[in-house]
Colleague: 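Following this message is one structure expressed as structure tokens.
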Amino acid sequence: MATEREKLHFEAKQDPSALPFSVYAETSSTGYDFIIIGAGSAGCIVAAELAAGAPASSILLIESGPPVASTNQTVWDPRNWVLVSQESDLEWGYQSTPQAGLDNRVIPMGRAKGIGGCAIHNAMVYVRGGRIGFDRWAEEGNIGWDYDSVLPLFEELESRIEINTIPDMKDPFIADLIVSCNNLELPFVSNYNVNCDEPCVSFMQFAIDSQTRRETTASTFLGTVPSNVTILTNQTVQSVCIDPTTKTATSVIAMDNDSGEMTTYSADREIVLSAGAIGSPHILMLSGVGPFGELSTHGIDIIQDLPGVGQNLQDDLYVTSFFKSKQPMPDQPFGLMGAVIFGQAKGSDPALGTDIECSLASGQMRGLNLPQDDLPSYLIYPNIQLLESRGTVTLTGRNPYWSPSINPNYLSAPGDLGKCVDALELALEIGRSQWMSNWYENTLMPTTTNLEDYVRKTAGTCYHYAGTCKMGPSSDETAVVAPDLKVHGIENLRVIDASIIPTTVSGNTAGATMMIALKGSRMILAEC
């Protein structure tokens with residue numbers, strides 16, 4: 001027989017119009033110096049840096065998902081990365097709204113939950129991003145975020161985590177691929193992170209340690225939890241409590257997902273949102289910080305009208321080129337193949353840098369589960385970056401257990417579809433060129449010459465969500481946080497994650513997110 005608390009807990013999850021904490025009259029309370037919401041790639045770094053830089057302080061790190069056991073080989077074995085998203089307890093299960101630009105398809109918006117965040121289910125690819133993109137941040141008023149300013153942080157990051165290429169690069173497939181790229185005016189460079197803005201072929205860099213295990217910032221920065229850090233897992237944050245008179249963030253209310261117990265955690269210094277480009281704007285809006293109309297619609301008391309919260313959602317798309325191989329494919333110990341191709345769409349402005357990043361996989365990669373008739377085979381996945389389309393993360397109700405509405409608005413901007421077609425044509429040209437004759441037998445996908453239609457029917461997310469708590473000066477009405485990552489108009493509240501990215505850069509977002517966490521931590525410590 002369910003207890004009264006369990007009934008209320010269930011009702012709170014089901015009722016989209018009620019905040020769970022309004023159901024309970026009583027909560028327990030405890031205090032800390034700093035509270036960090038989200039133990040992902042950014043949050044774990046922030047917690048570790050604050051613990052080391054302010055050793056007398058007490059730090060609470062709140063995570064919605066579970067800890068990840070060291071014996072969980074689905075997570076830690078790089079060859080299994082495609083399988084991680086199938087573990088429902090480590091996945092939010094978000095979906096987009098129907099996407100008009102993608103044949104009205106609903107796109108699964110993968111997002112990990114658990115200690116380590118999206119680093120527990122991503123492909124472990126490490127890319128800094130191009131100089132041009134960061135310099136653009138500074139040009140938009142974000143002083144101190146230009147490439148020369150953030151480069152030392154990337155270099156420090158790379159000295160603290162293990163960035164590796166596949167140990168044995170005598171892979172005959174990759175050797176032929178490099179020749180194919182070279183003959184198509186894509187020169188080989190040994191380290192693409194020296195300049196991601198230039199088209200090239202290179203060895204892929206992975207956040208995989210010397211024991212061939214996945215790295216996360218949880219395992220690297222918080223491998224041994226500092227004594228002044230408390231980590232709470234399986235917690236759903238209800239809201240950040242903000243004094244409406246002083247507009248100061250004072251505490252966080254969270255519910256234990258197992259017991260239903262509600263607790264208020266106070267913060268004497270600062271609260272940091274590191275819940276990602278979907279979670280951070282969601283929590284801000286539940287806390288009364290966001291667009292006036294959006295909050296009013298859902299009956300949320302407005303603390304600070306910030307029109308940019310949940311706006312400016314950016315993402316990269318990928319398309320698939322798929323080829324039957326004449327011979328068995330070499331084993332790929334890191335999951336993806338050990339090479340990457342950076343290119344530029346035909347109509348793109350060269351001044352913006354590369355906007356195509358092709359990763360590669362063998363058809364035998366775990367989790368693909370291809371029919372035997374399609375083996376052996378290889379795939380080239382162009383990731384199309386710097387897209388102009390912008391989307392939104394909005395509320396579906398006041399209840400924190402209800403997923404937000406996610407509308408990436410894919411291919412809504414003129415030119416984005418053409419970029420995707422250009423990227424697909426580049427992959428097809430490389431994959432079936434005369435220099436790949438030792439491998440190429442025939443093309444399995446696409447089977448149509450109507451590449452625009454193929455893109456609309458098959459393109460998917462690269463999981464590179466960014467921009468929903470945009471960084472910018474106070475003169476920018478769409479900005480949510482200032483260049484010091486403080487939320488405009490609110491004291492003692494910062495956002496430190498990929499949501500602050502004003503415009504995406506060439507490359508995956510994981511590396512930039514970790515850099516943002518290092519820089520944001522130093523900003524906090526500078527004020528301690």
Side-chain angles (χ1 to χ4, degrees), residues 96-107 109 127 129-130 132-133 136 180-181 184-186 192 196-201 312-323 340-360 379-392 406-433 443-467 501-509:
S96 75
T97 59
Q99 294 298 289
L102 297 181
D103 216 24
N104 286 317
R105 289 183 292 131
V106 171
I107 307 300
M109 306 293 287
V127 183
I132 292 170
R136 183 178 173 183
S180 177
C181 289
L184 294 171
E185 299 183 354
L186 293 163
Y192 56 78
C196 294
D197 293 321
E198 295 295 330
C200 69
V201 60
N312 193 46
L313 173 62
Q314 298 161 65
D315 190 18
D316 300 335
L317 284 171
Y318 81 90
V319 289
T320 302
S321 60
F322 183 23
F323 311 95
V340 62
I341 303 158
F342 289 91
Q344 190 170 60
K346 295 172 186 173
S348 297
D349 182 354
L352 296 179
T354 57
D355 52 15
I356 299 170
E357 179 189 335
C358 296
S359 54
L360 302 98
L379 303 96
I380 303 179
Y381 297 105
N383 294 352
I384 303 92
Q385 302 167 340
L386 307 184
L387 295 170
E388 295 295 329
S389 299
R390 296 292 182 269
T392 59
I406 306 167
N407 179 15
N409 217 13
Y410 292 125
L411 302 186
S412 59
D416 280 1
L417 179 58
K419 270 191 177 185
C420 293
V421 171
D422 285 349
L424 183 58
E425 289 177 338
L426 174 64
L428 291 169
E429 186 177 22
I430 294 169
R432 58 192 184 194
S433 76
T443 302
L444 297 172
M445 289 175 61
T447 57
T448 177
T449 57
N450 186 340
L451 297 187
E452 287 191 358
D453 186 62
Y454 176 75
V455 168
R456 291 189 186 279
K457 282 182 165 54
T458 64
T461 172
C462 292
Y463 315 108
H464 296 167
Y465 321 129
I501 293 174
T503 51
T504 53
V505 300
S506 299
N508 308 60
T509 51

Colleague: Give the table of side-chain donor-acceptor pairs shorter than 3.5 Å for residues 415-428, with sequence neighbours excluded, one pair per line with atom names and distance.
Modeller:
| from | atom 1 | to | atom 2 | distance (Å) |
| --- | --- | --- | --- | --- |
| D416 | OD1 | E388 | N | 3.0 |
| D416 | OD2 | E388 | N | 3.2 |
| D416 | OD2 | S389 | N | 2.9 |
| D416 | OD2 | S389 | OG | 2.6 |
| K419 | NZ | D355 | OD2 | 3.4 |
| K419 | NZ | L386 | O | 3.0 |
| D422 | OD2 | K346 | N | 3.0 |
| E425 | OE1 | K346 | NZ | 2.9 |

Colleague: Going by side-chain contact (heavy atoms from CB on, under 4.5 Å), name the residues that satisfy it together with Y381, two or more places apart in sequence or in a different chain.
Modeller: Y318, T320, S359, A361, L368, L379
Colleague: Can you see whether Q99 engages N409 through a side-chain donor-acceptor pair at a distance of less than 3.5 angstrom?
Modeller: no
Colleague: Less than 4.5 Å apart, side chain to side chain, heavy atoms only: is that true for I107 and I406?
Modeller: no
Colleague: Considering non-hydrogen atoms only, spot the tightest contact between T447 and L444 and give its length.
Modeller: CG2-O, 3.1 Å
Colleague: Mind checking whether P199 and E185 have side chains closer than 4.5 Å, heavy atoms only?
Modeller: no
Colleague: Any side-chain heavy-atom pair from T392 and L313 closer than 4.5 angstrom?
Modeller: no
Colleague: For Y454 and M445, which heavy atoms make the closest approach, and how far apart are they?
Modeller: OH-CE, 3.1 Å
Colleague: Heavy atoms only: give me the nearest V455-L102 pair and the separation to one decimal.
Modeller: O-CD2, 4.0 Å
Colleague: Using every non-hydrogen atom in the two residues, find where D349 and Q344 come nearest and quote the distance to one decimal.
Modeller: O-NE2, 3.4 Å
Colleague: If we only count heavy atoms from C-beta on, is the D453 to T448 side-chain gap below 4.5 Å?
Modeller: no
Colleague: Going by the rule side-chain contact (heavy atoms from CB on, under 4.5 Å), which residues pair with N312 if we only count those two or more places apart in sequence or in a different chain?
Modeller: Q314, R390, K470
Colleague: Show the nearest heavy-atom pair for residues G353 and I132, with the distance to one decimal.
Modeller: N-CD1, 3.6 Å
Colleague: Heavy atoms, side chains only, cut-off 4.5 Å: are T443 and S321 in contact?
Modeller: no
Colleague: Could you check whether any side-chain heavy atom of C462 comes within less than 4.5 Å of a side-chain heavy atom of E357, counting everything from C-beta outward?
Modeller: no
Colleague: Side chains of Y410 and T461: does their closest heavy-atom pair fall under 4.5 Å?
Modeller: yes
Colleague: Quick one: pull up CG in L387 and CG in D315 and give me the separation to the nearest 0.5 Å.
Modeller: 8.5 Å
Colleague: For a 4.5 angstrom cut-off between non-hydrogen side-chain atoms, does L186 reach I430?
Modeller: yes
Colleague: Could you check whether any side-chain N or O of T354 sits under 3.5 Å from a backbone N or O of I356, counting only pairs where one atom can act as donor and the other as acceptor?
Modeller: no
Colleague: How long is the span from the CD1 atom in I380 to the CZ atom in R432, to the nearest 0.5 Å?
Modeller: 10.5 Å
Colleague: Quick check: closest heavy atoms across S506 and D197, and the distance to 0.1 Å?
Modeller: OG-OD1, 4.2 Å
Colleague: Is a salt bridge present between D103 and K457, judged by a nitrogen-to-oxygen distance below 4.0 Å?
Modeller: yes
Colleague: Test side-chain contact (heavy atoms from CB on, under 4.5 Å) on R136 and T503 and set out the steps.
Modeller: CA-CA 8 Å; R136 183 178 173 183; T503 51; 3.8 Å; yes
Colleague: Closer than 3.5 angstrom, by distance alone: can the side chain of Q385 be matched with the main-chain N or O of D316 as a donor-acceptor pair?
Modeller: no
